[in-house]
**Student:** 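Got a structure for you, questions after.
One is the number of the first residue; the rest follow in order along the sequence. What you are looking at is a predicted structure, and each value in this text was computed from that prediction instead of being measured. Because only heavy atoms are used, hydrogens play no part in the values below, and waters and symmetry mates are left out as well, while side chains stay in.
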Amino acid sequence: MAKENHTGFSDFILLGFSELQDLQELLFVVFLLIYAGIITGNGLIVYITLTDSALQIPMYTFLRSLSFVEICYTSVTVPKLLGSFVVGKRSISFSGCLAQIYFLLLLGGTECLLLAAMAYDRYVAICNPLHYVLIMNKQFCSALITLSVSVNVPIHGGQIYLVVVLPFCGSHEINNLFCDIPSLLDLACADTNMNRLIVFAVAIFVLIIPFFLILASYLRIISAVLKMSSAESQKKAFVTCSSHLIVVLLFYGSASIVYLTPRSKESVSINKLLSVFYIILVPLFNPIIYTLRNREVKASLQKLFRISNAK
């Protein structure tokens, strides 16, 4: 089969849920409602953490950044997916595919580092409370957020370049809901072992290293909490940290399976479902988890709705 480079064709085809032809309208409604829930839930968190004076502390600065990232994260893929349900057009240009991959990796990597920064914030608050204000000052928090983004910019730009130079041939069908590097590597008609090794190395850096930093933080936190003399203090500390820990396990668990496990024909369908989980469902769950398990966030939302009803 003759090789061709990406200039030899105009589009990839995102198969998505094309095998479920009879359920396209239902899937459109379901994903539209989920997307609306993501925008509304995370948008409310962004709003209250900006406007409520009681939430002007580092923990909620990180939470606001996380919610904003998740709005952008889902917006990279879900509108395109919704359009495919409505008009049936599943094609995406080569440049559009690369842009989708880049912003998914950039925002996903940023979320990983933000979750690590949030774990460090909880570690300082519980293990070194007397110096918390001094350590987690506004400048340091801003630097952590900026670092979370800036570290990912060149790393994923390099990955995209290594895909651009690959030749593609044969099928241009991507059996996924969106473009991702493993799916494109499956379509390349060249040796992609180096690309796959780099994808694995980047996943180690972006996923595994932050995860172990989070794990180390929580081991220290648990040790400090168990030494507290007051049962009420222990309960408050565990409740404060449990929301973040649940989000970490949901996001890291599904993303690690997709990017760190060997690919096979049998795993494609499983990876597609896991992609739905960490791209769409986790951003939906996050504001719910933080709202249900955080008294300050619940109080702020209740105050906001009371003001709205009064008007």
Side-chain angles (χ1 to χ4, degrees), residues 33-75 107 110-127 129 132-133 135-138 140-142 144-145 148 214 217-218 221-222 224-225 228 230-252 277-278 280-311:
L33 291 175
I34 290 174
Y35 185 51
I38 291 169
I39 300 298
T40 303
N42 286 288
L44 280 173
I45 287 182
V46 171
Y47 179 77
I48 62 174
T49 54
L50 278 172
T51 59
D52 193 331
S53 58
L55 302 182
Q56 303 306 307
I57 60 174
M59 180 173 71
Y60 298 111
T61 300
F62 291 124
L63 180 58
R64 176 171 65 248
S65 300
L66 182 68
S67 293
F68 178 75
V69 165
E70 292 193 328
I71 290 173
C72 299
Y73 191 56
T74 53
S75 297
L107 294 166
T110 299
E111 180 162 348
C112 289
L113 296 182
L114 280 176
L115 289 171
M118 293 172 76
Y120 179 71
D121 172 75
R122 293 299 81 207
Y123 160 73
V124 176
I126 293 172
C127 299
Y132 177 76
V133 176
I135 296 172
M136 301 303 297
N137 56 64
K138 186 176 181 179
F140 183 63
C141 292
S142 297
L144 286 178
I145 293 169
S148 298
I214 292 170
S217 296
Y218 274 102
I221 288 170
I222 291 170
V225 170
M228 292 179 179
S230 168
E232 184 63 29
S233 297
Q234 289 181 339
K235 180 181 177 181
K236 183 178 179 180
F238 277 125
V239 168
T240 301
C241 296
S242 60
S243 301
H244 177 255
L245 194 54
I246 291 170
V247 170
V248 167
L249 293 175
L250 290 174
F251 182 80
Y252 276 89
F277 193 81
Y278 76 83
I280 299 172
L281 294 182
V282 171
L284 176 66
F285 294 154
N286 285 0
I288 298 172
I289 291 168
Y290 279 111
T291 300
L292 292 178
R293 302 185 66 84
N294 190 296
R295 287 183 296 179
E296 288 82 3
V297 172
K298 282 194 289 187
S300 182
L301 286 173
Q302 289 168 357
K303 183 167 64 175
L304 175 64
F305 290 135
R306 281 198 300 269
I307 293 173
S308 300
N309 291 334
K311 293 180 179 179

**Student:** Within the structure provided, determine whether Y132 and P58 are in side-chain contact (heavy-atom separation under 4.5 Å).
**Tutor:**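 Touching, per the 4.5 Å side-chain cut-off.
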**Student:** Looking only at non-hydrogen atoms, find the nearest pair between Q56 and T49 and report the distance.
**Tutor:**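 Scanning both residues completely, I find the closest heavy atoms to be NE2-O, 2.8 Å.
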**Student:** For residues I280 and T74, report the shortest heavy-atom separation together with the two atoms involved.
**Tutor:**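 In terms of heavy atoms, the two residues are closest at CA-CG2, 4.4 Å.
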**Student:** Would you sort out whether I246 and F285 count as a side chain to side chain contact (heavy atoms under 4.5 Å, CB included), showing the intermediate values?
**Tutor:** CA-CA 10 Å; I246 291 170; F285 294 154; over 6 Å; no
**Student:** To the closest 0.5 Å, what do you measure between CD1 (I126) and CG (D121)?
**Tutor:**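 Interatomic distance, I126 CD1 to D121 CG, rounded to 0.5 Å: 9.5 Å.
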**Student:** Evaluate the side chain to side chain contact (heavy atoms under 4.5 Å, CB included) criterion for residues L44 and L304: first the C-alpha distance (whole Å), next the side-chain angles of each, then the deciding distance (0.1 Å), finally the verdict.
**Tutor:** CA-CA 10 Å; L44 280 173; L304 175 64; 3.8 Å; yes
**Student:** I need the L50 CG to F68 CZ distance, nearest 0.5 Å.
**Tutor:**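 So the CG of L50 and the CZ of F68 are separated by 10.5 Å.
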**Student:** Mind running side chain to side chain contact (heavy atoms under 4.5 Å, CB included) on N42 and V46 for me, showing each step along the way?
**Tutor:** CA-CA 6 Å; N42 286 288; V46 171; 5.5 Å; no
**Student:** Using every non-hydrogen atom in the two residues, find where S217 and A119 come nearest and quote the distance to one decimal.
**Tutor:**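 That closest heavy-atom pairing would be CB-O, 3.9 Å.
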**Student:** So how far is it from I34 CD1 to I39 CD1, rounded to the nearest 0.5 Å?
**Tutor:**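 Those atoms lie 12.5 Å apart.
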**Student:** Calculate, to the nearest 0.5 Å, the distance between atoms CD1 and NE2 belonging to I289 and H244 respectively.
**Tutor:**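 NE2 of H244 is found 11.0 Å from CD1 of I289.
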**Student:** If I compare all heavy atoms of P129 with all of C127, which pair ends up nearest, and what's the gap?
**Tutor:**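 Minimum heavy-atom contact is CD-C, 3.5 Å.
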**Student:** Using a 6.0 Å cut-off, check whether atom OH of Y47 has over 12 heavy atoms from anything other than its own residue.
**Tutor:**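 Atom OH in Y47 is not packed in, count stays at 12 or less.
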**Student:** Are I214 and Y252 packed together at the side-chain level, in the sense that at least one heavy-atom pair is separated by less than 4.5 angstrom?
**Tutor:**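 In contact.
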**Student:** Closest heavy-atom contact between S75 and Y35?
**Tutor:**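 Smallest interatomic distance, heavy atoms only, reads OG-OH, 2.8 Å.
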**Student:** Please round to the nearest 0.5 Å and tell me the distance separating atom OG of S67 and atom CD of E111.
**Tutor:**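 If I round to the nearest 0.5 Å, the distance is 9.5 Å.
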**Student:** Measure the CD1-OH distance between I48 and Y60 for me, rounded to the nearest 0.5 Å.
**Tutor:**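 If we round to the nearest 0.5 Å, I48:CD1 and Y60:OH are 8.5 Å apart.
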**Student:** Considering non-hydrogen atoms only, spot the tightest contact between E70 and I38 and give its length.
**Tutor:**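 That would be O-CG2, 4.3 Å.
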